[in-house]
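Written below as structure tokens is the structure these notes are about.
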Number of protein chains: 2
Amino acid sequence: MKLTKKNLEERRDRVYDAIVIGGGAGGLSAGIYLQRYRLSSLIIDKGKARSFWMQELHNYLGLPPDTPGRVLLKRGEQHYESVNGDMLNGYVEEVVDEGETFAVRVKVGRQNSIYPTFRAKYIIAASGIIDNLVPLEDMRNVFEYAGYNLHVCMVCDGYEMADKQCGFFAGSEASIEEMVFNLSWFTPYITIFTHGLFEVSEPLRQELREHGYRLVETPIKQFLGENHRMTGVELVDGTEIGLETGLISMGSTYHNTYLKNIPLEMKGGYLITDKMGRTSHPRIFAIGDLKVGLNQVVVAAGDGALAATQIWREIRRDRGPRRWEENLSASV
Amino acid sequence: MKLTKKNLEERRDRVYDAIVIGGGAGGLSAGIYLQRYRLSSLIIDKGKARSFWMQELHNYLGLPPDTPGRVLLKRGEQHYESVNGDMLNGYVEEVVDEGETFAVRVKVGRQNSIYPTFRAKYIIAASGIIDNLVPLEDMRNVFEYAGYNLHVCMVCDGYEMADKQCGFFAGSEASIEEMVFNLSWFTPYITIFTHGLFEVSEPLRQELREHGYRLVETPIKQFLGENHRMTGVELVDGTEIGLETGLISMGSTYHNTYLKNIPLEMKGGYLITDKMGRTSHPRIFAIGDLKVGLNQVVVAAGDGALAATQIWREIRRDRGPRRWEENLSASV
């Protein structure tokens, strides 16, 4: 059921089999599997999964390629509710390892917030990442185009960028080194914008020149365009540069601070997991964009199935097989 | 494009980036990703993926839980064609490792068959498995119920079996040992049918008795029921046993004989792969049910994304970055 400030007292004494933190593609898929394994689960979602922002999911098997991410999420929520999963809109502040269980402290409500604690045997961290965007004074100008033809994921949207005039919005020298040469697979017509945030070293400048990519270091005033279609940028000096598409590569914010007091093996900002999604803690799983791997909706959905299955196997093993009691009494 | 006997000559001299063998969930997802990476791909499908038989996909994120497997497959085919993938209805007889490329020999057409050969740099084996069914004289009687309430996958359909009178149709003593105690998680009301195919050892008989499970060793004459709803079985001696659901566990046929002349690491009938789906051959990937792992549609779809991505990374690295030529000439 949907938990709210009004009814969450009913769950105060429950120990869930698993609490899933994050209601994006990975978390919803995990929740559906957990409930279908007849385990008890609670998904805590703060809203706004990364896929929520995708205007068109181009590469998710089974959905027409113009399906908005929010449609996938809505369907997943309905699916999860249809198998009696608990769902709560809230922000997880901290997970405390209590030994047999975890205590999950949640902030519910933006105003008059309350701070309930829920308990579970297993945690699935599915809270993902969110892309840092170009920091303009008027962020609405960025939101106007982000997710339309101003992209954040080359794997998702490279196909749509093919051979187009592309702005690459970099957050660091490393992001240029790691991404621009790969982006050229889709289009070589690349103009790199540093937004004046960092210096570019001479060796990299030289390499960019050798590939014919343009480098713009003057800060951006605003994106140009209309009806969610970005057509270029205006710099603070008034210069306008025409573009047909863009890729933002300014790093990500990892939604994993609630795990800060539990030591877990990481690589960069990502959690290291085994094939079933288990972290270095035996009862904490990480799926989707939070773990080392490919940040794709369909991969996150598969991850959810794997983590839920592994948790089921362990709980099933602990409880042991059920007996057909009537037949036992009959044979006594 | 759809390849047929009439037009396949047009592809005779092409070396595809990847040939995907099998057009089920894994193969279609791989094909969609490959084409969206602007690689060239051919999916060769003999029809009848395992998910084709599923009347309701209960656990695929994004699709309502009563969606038939064939709807997922149809949508995937349309999606793949929309990104210009090549598709051929045919049966792959053999894959020959030629060094730089693979030669894939295909039988096309059941009558007046022709045997064209296609070439690719990479192979994705996505041809899956198919469940062995109860071998009755009248197999139409089995097909009448299989995929409805006579299931082949406990993970997929255990939820629907919960606390029901369940027939377990075993192919071997091992299948009883491996599955029945897990099945009891969903329902303890288990009647095991050996169909007279094998002997059950005394220790296992004892264990089944201790759990109250019934054991029926008389061969089955037919399934009873109507409108695809199985209500029990009739044995060859005329006895009728009422059931509400069933699980067939008689082993699987692995669709991988075309790889027989290429030495690959296996575990049981399954191919061993790394996290991206690569087998022990650097240019052969295996995804979905053919590989060691969880046989689930959503996992296969994720696998397809991973394998395609790894292939793209390698081909991209080999070709190197593209240059923006106009800017290079301008600076000379």
Side-chain angles (χ1 to χ4, degrees), chain A residues 25 28-29 32-33 35-38 58-65 67 72 75-76 79 82-83 155 158-159 162 180-182 184-190 209-214 275 293-294 296 298-306 309 312 316 319 321-328 331, chain B residues 25 28-29 32-33 35-38 58-65 67 72 75-76 79 82-83 155 158-159 162 180-182 184-190 209-214 275 293-294 296 298-306 309 312 316 319 321-328 331:
Chain A
L28 288 168
S29 183
I32 291 164
Y33 269 82
Q35 290 297 128
R36 289 185 52 82
Y37 285 133
R38 304 182 89 200
H58 294 300
N59 50 16
Y60 190 86
L61 182 73
L63 296 181
T67 306
L72 174 89
R75 288 212 191 144
H79 195 156
S82 77
V83 286
V155 166
Y159 187 79
V180 164
F181 302 100
N182 297 344
S184 77
W185 174 268
F186 294 106
T187 177
Y189 311 122
I190 300 171
R209 269 196 301 270
E210 284 169 7
H211 286 80
Y213 309 148
R214 298 192 293 185
K275 277 193 177 183
L294 187 68
Q296 289 287 289
V298 75
V299 174
D303 284 351
L306 295 172
T309 300
W312 171 55
R316 189 185 74 199
R319 290 200 198 151
R322 289 162 76 197
R323 292 172 156 79
W324 188 346
E325 300 294 344
E326 293 86 335
N327 290 346
L328 295 176
S331 63
Chain B
L28 288 169
S29 183
I32 290 163
Y33 269 81
Q35 291 296 128
R36 289 184 51 82
Y37 286 134
R38 303 182 90 199
H58 295 299
N59 51 16
Y60 190 86
L61 180 73
L63 296 180
T67 306
L72 174 89
R75 288 212 191 144
H79 195 154
S82 78
V83 285
V155 167
Y159 186 80
V180 165
F181 303 99
N182 297 344
S184 78
W185 175 268
F186 295 106
T187 178
Y189 311 121
I190 299 171
R209 268 195 303 270
E210 284 168 6
H211 286 80
Y213 310 149
R214 297 192 294 185
K275 277 194 177 183
L294 186 69
Q296 288 288 289
V298 74
V299 174
D303 285 350
L306 294 172
T309 299
W312 171 55
R316 188 185 75 200
R319 290 199 197 151
R322 288 162 76 198
R323 291 170 210 278
W324 187 345
E325 299 294 344
E326 293 85 335
N327 289 345
L328 296 176
S331 63

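Just so we're on the same page: letters track the sequence lines, and every chain starts at 1.
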Proximal component of R323(A), with respect to chain B [non-hydrogen, under 4.5 Å]: both
Name the member of Q296(A), K275(A), R322(A), R38(A) that forms the most heavy-atom pairs with chain B at distances under 4.5 Å. R322(A)
If one checks every heavy atom of L63(A) against chain B at 4.5 Å, the contacting part turns out to be both
Region of T67(A) that comes under 4.5 Å of a non-hydrogen atom in chain B: neither
What distance separates Y159(A) OH from Q35(B) CD, expressed to the nearest 0.5 Å? 7.0 Å
Of all heavy-atom pairs between Y33(B) and T309(B), which one has the smallest distance, and what is that distance? CD2-OG1, 4.4 Å
Which atom names give the shortest non-hydrogen contact between L72(B) and G62(A), and what distance separates them? CD1-CA, 3.6 Å
Counting only heavy atoms closer than 4.5 Å, note whether F181(A) contacts chain B via side chain, backbone, both or neither. both
Can you tell me which of H211(A), R319(A), R214(A) forms the most heavy-atom pairs within a distance under 4.5 Å of chain B? H211(A)
Below 4.5 Å, heavy-atom pairs only: which of S29(A), A305(A), G76(A), P65(A) has the largest tally toward chain B? P65(A)
Between T187(A), L28(A), I190(A), which shows the greatest number of heavy-atom pairs under 4.5 Å with chain B? I190(A)
Is it true that F186(B) and W312(A) have ring centroids separated by less than 6.0 Å? yes
Output the option from V299(B), I32(B), N182(B) having the highest count of non-hydrogen pairs under 4.5 Å with chain A. N182(B)
Atom group of A25(A) that falls short of 4.5 Å from chain B, counting heavy atoms: both
Do you know which two heavy atoms are closest between Y37(A) and V155(B), and how far apart they sit? OH-CG1, 3.0 Å
Pair count under 4.5 Å, heavy atoms only, with chain A: among R75(B), R316(B), E210(B), highest is R316(B)
Greatest number of heavy atom pairs closer than 4.5 Å to chain A - which of G302(B), S184(B), A300(B), G158(B): S184(B)
Portion of V180(A) that has a non-hydrogen atom of chain B nearer than 4.5 angstrom: neither
Segment of D303(A) engaging chain B (4.5 angstrom heavy-atom cut-off): neither
Closest heavy-atom contact between W324(B) and P188(A)? CB-O, 3.3 Å
